[in-house]
Structure formats: structure tokens, C-alpha cells
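What follows is one structure encoded as C-alpha cells, with my remarks underneath.
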Amino acid sequence: MLRNAKIKYLVVRTHGLSSHLIDPSELRSWVFIEDDRALFDKISQTSYGGFFEKPEDLSDPVKIDEVTMRVNFIRANKLISIARASPLENILRVYMSKYDLENIRRIIFSLLFGRLERLSLLPHPGYLYDIAKLSKVERLEDLLDLIEERKLSSLISSWLSGDRNTSELDLMLTKVYVDSLIGPLKRRTPLYEIIHSYLENVTLGLLLKAKYLGIGNDLIIRVLSGIPFKKLLEAASQSGDLSDFLDKLLNIAPYREVSIEVRDSLRDVGEPWVIEHSVLKRAYTEAVRISMMSPMSEAYILSYLISSEWESQSLRTVLFGRISGVSKDILYQLLSPRSE
């Protein structure tokens, strides 16, 4: 039972906000709309409609990413505003700090590679870090001074003094995110369960992409050592390429279905974005299951944010699939629950 009145109010408000999400079956049906104007009119009736200005925007990958990200930030900011000064505010900020870390990664690459890496940041002010201030620095040393979280600053400094392997930086930032989000949580609570499940899927997606890119096991294990998902790390350390890793996951019951889906999707679509899509579908499905067991707990609030991200991912899949000429039946299957 929730004792904090503000959190109780936030949970009730989140139930109301959830009713405004696009029904997944409705969104799936959009893959069969061939006319750009008709699809634009459908999207115009949703939260995304105010940011797509014309039907041609639905064929612009940069615009699609910007709009879907912006809608998610608006929704998260609303929750954070309501939760202000409550125990949940920092958890929500830490959850959203994955976007801060992505922006920090982009700033580092821009400073390292200059004109080869044009600085393009995700459109938000920062949840734990002042991204507006960080983006204005002109030297890596100044960036490190502005990052107040000493663990992150120290890790980046150590990385800069090494061979500056970009794959290592990606792994390292994800490890920082996992540790910061799950570390302070009280075990055996619905909130812990939903965040633990979500981070397990974050780790799964990271390892799948690492195998896809051919990142060596030594680097993966060294950077991710201590992460609380031992079966995933063991499967990664005992496998070679992505195909071998998927074979290992087939023999671990919780990952069997997602392994099959990733393999089939890569075969049918041939684009690496299907990895993120399949893993986020799994995260969404599990988040809904956990939150429905405790619909009046803080877990429901996190479930809403994950559901919002899945909605945005689904819309991107519809639009990117159209751009790439992916079969409508394949797109529909990508968006369908595994039970169908």
C-alpha cells in the first residue's frame, strides 16, 4: 500500500495518461495504409500529430526520430514535474538519464573527431546532467570537470587515456546506467522487479548488438563484469559470433522466444534496428505483466514510460519499414505480441 500521498496521486494520474497511448492493435493496422495522406491524418490525431507538419515528414528518418523522442520526453517530464520533491523523482530522472549518457557520448565523439562527427543532440535539457552546458565545452578536459558524478568522470578519463575504443565507451556507459538505476533500489518490491526486468533487456540488447558488430568477448566481459545478469554474460562469453550467441540463448528458457524473433527478423528485414525492436517488445511485455500484478504501485509509473517507448518504437517501425520497402506482413508480425 502506498503511504506517500504524492506518489499515490502520481500513480492515479499515470493510469489516466496510459489511456491516451495508442492502442497497439490500432498502430499495427497502420502498416496496411498505403496512402501517405491517410496515414498522416491518422497520426495527426495522436500525441505525435503536433510535430509532423506535412505527409512528407513521414518519409524523413531524422524527423521521425526527433518527433518520437520529443513525445517521450514530454511525457516523462510531466511525470517528473508531478513527482517533484518525492522519493520517486530521482528514480524517474535516473531512468531517463540514459538519454543524458547518449548525449554525453555524442559530445565526446564531436570533440574527438571534430568535423567528422557533427554534434547533434537528443532534444532534452538533461535529467541528471546539464546537457546544454556540456554541449558548449570545447575541450575534453572541460567536459570532465563539468561532469559532477565522479565515477562517470573517472571512467571517461580512463577511457581517454587508453586506446579510445568506441565500442568500449558504449559498453561502459551502459554499465554506468545499469549500476546507477538498480543500485539504490529496495529488493523484492514491484518497482525493483520492473526495473530489474527492464535492465535485463537493456543488457540483452547491448550484448546482441555487440555480437552483431563483432566486439570481442574479452572487452565485453571486462567492461560488464559485475552486471547482475550472469546467464546473459556467460552465454556471451561462451559464444563467438551473433549466430552462436543466439544458439546459446535458445537453450536458456527466458530468452528462447526473443532469440528466435531476432534471428527471424534479421533474416526477413536484414537491418540491425530489428534487434532493438525485438528486445524492446520483450521489455514492454514484461513491464505490463509486472505492473498488472501491482497496478497501484510505483511499478505502474515505470511501466507507462516503457509502454510509451514501445509505442514510439512501433511507430518508427511502421514508418522506417515503409521507407525501406519492408513487406507489410513482416512489419505486422514485428509489431504483434509473440502470443499471436
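Quick caveat: nothing in here was measured; it's all calculated off a predicted structure. Heads up: numbering here begins at 1 and tracks the sequence.
- By the 4.5 Å heavy-atom criterion applied to side chains, Leu134 and Asn103 are not counted as neighbours.
- Taken together through direct or relayed side-chain contacts under 4.5 Å among Ile, Leu, Val, Met, Phe, Trp and Tyr, Tyr255 and Leu250 form parts of separate hydrophobic clusters.
- What you find for Leu171 and Leu224 is that their closest heavy atoms are O-CD2, 3.8 Å.
- No chain of hydrophobic side-chain contacts below 4.5 Å, direct or via other Ile, Leu, Val, Met, Phe, Trp or Tyr residues, connects Met293 to Val11.
- Put simply, the side chain of Arg322 never gets that close to the backbone of Ser59: no donor and acceptor are under 3.5 Å apart.
- Counting heavy atoms from C-beta outward, Ile107 and Leu121 have side chains that approach closer than 4.5 Å.
- Ser158 places no side-chain N or O within 3.5 Å of a backbone atom of Ser154 that could act as its donor or acceptor partner.
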**Request:** Just do the side-chain contact (heavy atoms from CB on, under 4.5 Å) check on Leu92 and Leu305 with the steps written out, would you?
**Result:** CA-CA 9 Å; Leu92 295 176; Leu305 290 178; 3.9 Å; yes
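- Annotation: Lys231, atom NZ; neighbour count of heavy atoms from other residues, nucleotides and ligands within 6.0 Å does not exceed 12.
- Taking a cutoff of 4.0 Å between a charged side-chain nitrogen and a carboxylate oxygen, Arg282 and Glu286 qualify as a salt bridge.
- To the nearest 0.5 Å, atom OH of residue Tyr192 and atom CZ of residue Arg187 are 4.5 Å apart.
- Arg93 approaches Gly126 most closely through the heavy-atom pair NH1-O, 4.5 Å.
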**Request:** Give the intermediate values and the outcome of side-chain contact (heavy atoms from CB on, under 4.5 Å) for residues Ile220 and Ser237.
**Result:** CA-CA 8 Å; Ile220 292 172; Ser237 66; over 6 Å; no
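- Aromatic pair Tyr127/Tyr95: centroids not less than 6.0 angstrom apart.
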**Message:** Let's go through Thr174 and Leu101 carefully: what are the C-alpha distance in whole Å and the side-chain angles of both, what is the deciding distance for side-chain contact (heavy atoms from CB on, under 4.5 Å) to 0.1 Å, and is it a yes or a no?
**Reply:** CA-CA 8 Å; Thr174 301; Leu101 294 173; over 6 Å; no
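- Panel note: side chain Ser297, backbone Ala299; a donor-acceptor pair is recorded below 3.5 Å.
- When all heavy atoms of Lys211 and Ser239 are compared, the pair lying nearest together is NZ-O, 3.0 Å.
- Using modelled atom types, no side-chain atom of Ser278 and backbone atom of Ile275 make a donor-acceptor pair closer than 3.5 Å.
- Residue Ser225 comes nearest to Lys175 through the heavy atom pair O-CE, 3.2 Å, listed as atom of the first residue, atom of the second, then distance.
- Leu246 is listed as a side-chain neighbour of Val262, based on a closest heavy-atom distance under 4.5 Å.
- Ionic pairing of Glu168 and Arg222 is present here: one or more N-O contacts between side-chain nitrogen and carboxylate oxygen are shorter than 4.0 angstrom.
- How far OG of Ser180 is from NZ of Lys151: 8.0 Å, rounded to the nearest 0.5 Å.
- With respect to the salt-bridge test (charged N to carboxylate O, under 4.0 angstrom), the residues Glu261 and Lys281 qualify.
- Side-chain atoms of Ser314 come within 3.5 Å of backbone N or O of Trp310 as a donor-acceptor pair.
- Checking side-chain atoms of Ser97 against main-chain N and O of Val94 turns up a donor-acceptor pair under 3.5 Å.
- Using a 4.5 Å heavy-atom cutoff, the side chains of Tyr198 and Leu302 are not in contact.
- Within a 6.0 Å sphere centred on CE of Met292, other residues, nucleotides and ligands contribute more than 12 heavy atoms.
- We find that Arg316 and Glu311 are not joined by a salt bridge, their nearest charged nitrogen and carboxylate oxygen being 4.0 Å or further apart.
- Note: Leu331 CG to Asp268 CG = 10.5 Å, rounded to the nearest 0.5 Å.
- Scored by the salt bridge (Lys or Arg N to Asp or Glu O under 4.0 Å) test, Arg84 finds Glu89 as partners (sequence neighbours excluded).
- Ring geometry for His277 versus Trp273: interplanar angle over 60°, hence perpendicular rather than tilted (30 to 60°).
- Within a 6.0 Å radius of CG in Asp23, other residues, nucleotides and ligands contribute more than 12 heavy atoms.
- A continuous path of hydrophobic side-chain contacts links Tyr212 to Leu334 [ILVMFWY only; heavy atoms under 4.5 Å].
- With Asp57 contributing its side chain and Phe52 its backbone, the two residues share no donor-acceptor pair below 3.5 Å.
- Leu232 is listed as a side-chain neighbour of Leu249, based on a closest heavy-atom distance under 4.5 Å.
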**Item:** Residues Tyr177, Glu102; criterion side chain to side chain donor-acceptor pair (under 3.5 Å); working and verdict
**Value:** CA-CA 11 Å; Tyr177 178 67; Glu102 169 58 21; over 6 Å; no
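- A salt bridge does not link Asp170 to Lys209: none of the charged side-chain nitrogens sits closer than 4.0 Å to a carboxylate oxygen.
- Between Asn165 and Ser167, the shortest heavy-atom contact is OD1-N, 2.8 Å.
- Between the side chain of Asp100 and the backbone N or O of Leu128, at least one donor-acceptor pair lies under 3.5 Å.
- Residues Ser303 and Ile194 are in side-chain contact: their nearest non-hydrogen atoms beyond the backbone lie under 4.5 Å apart.
- With rounding to the nearest 0.5 angstrom, the CD atom of Gln313 is 5.0 Å from the CD atom of Glu276.
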**Request:** Apply side-chain contact (heavy atoms from CB on, under 4.5 Å) to the pair Leu315 and Ile43, showing each step before the final yes or no.
**Result:** CA-CA 9 Å; Leu315 181 56; Ile43 296 173; 3.9 Å; yes
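- At a threshold of 4.0 Å, the pair Asp247-Arg263 counts as salt-bridged, since one of the basic side-chain nitrogens sits closer than that to a carboxylate oxygen.
- Counting heavy atoms from C-beta outward, Pro337 and Thr285 have side chains that stay 4.5 Å or more apart.
- The main-chain N or O of Leu199 is found under 3.5 Å from a side-chain atom of Thr203 such that the two form a donor-acceptor pair.
- Here the shortest heavy-atom pairing between His124 and Phe73 reads CD2-CZ, 3.6 Å.
- Ser312 and Tyr48 form a side-chain donor-acceptor contact under 3.5 Å, judged by distance and modelled atom types alone.
- Counting heavy atoms from C-beta on, the side chains of Leu144 and Glu141 never come closer than 4.5 Å.
- Between Lys42 and Glu26, at least one side-chain N (NZ, or NE/NH1/NH2) sits under 4.0 Å from a carboxylate O, which counts as a salt bridge.
- Rounded to the nearest 0.5 angstrom, Leu208 CG and Phe245 CZ are separated by 5.0 Å.
- Ion pairing of Glu56 with Arg37 is absent here, as no side-chain N (NZ or NE/NH1/NH2) approaches a carboxylate O to less than 4.0 Å.
- Of the possible polar contacts, none joining the Ser81 side chain to the Asn77 backbone as a donor-acceptor pair under 3.5 Å is found.
- The residue from Tyr304, Tyr300, Tyr9 that alone fulfils the ring-ring contact (aromatic ring centres under 6.0 Å, His included) condition with His15 is Tyr300.
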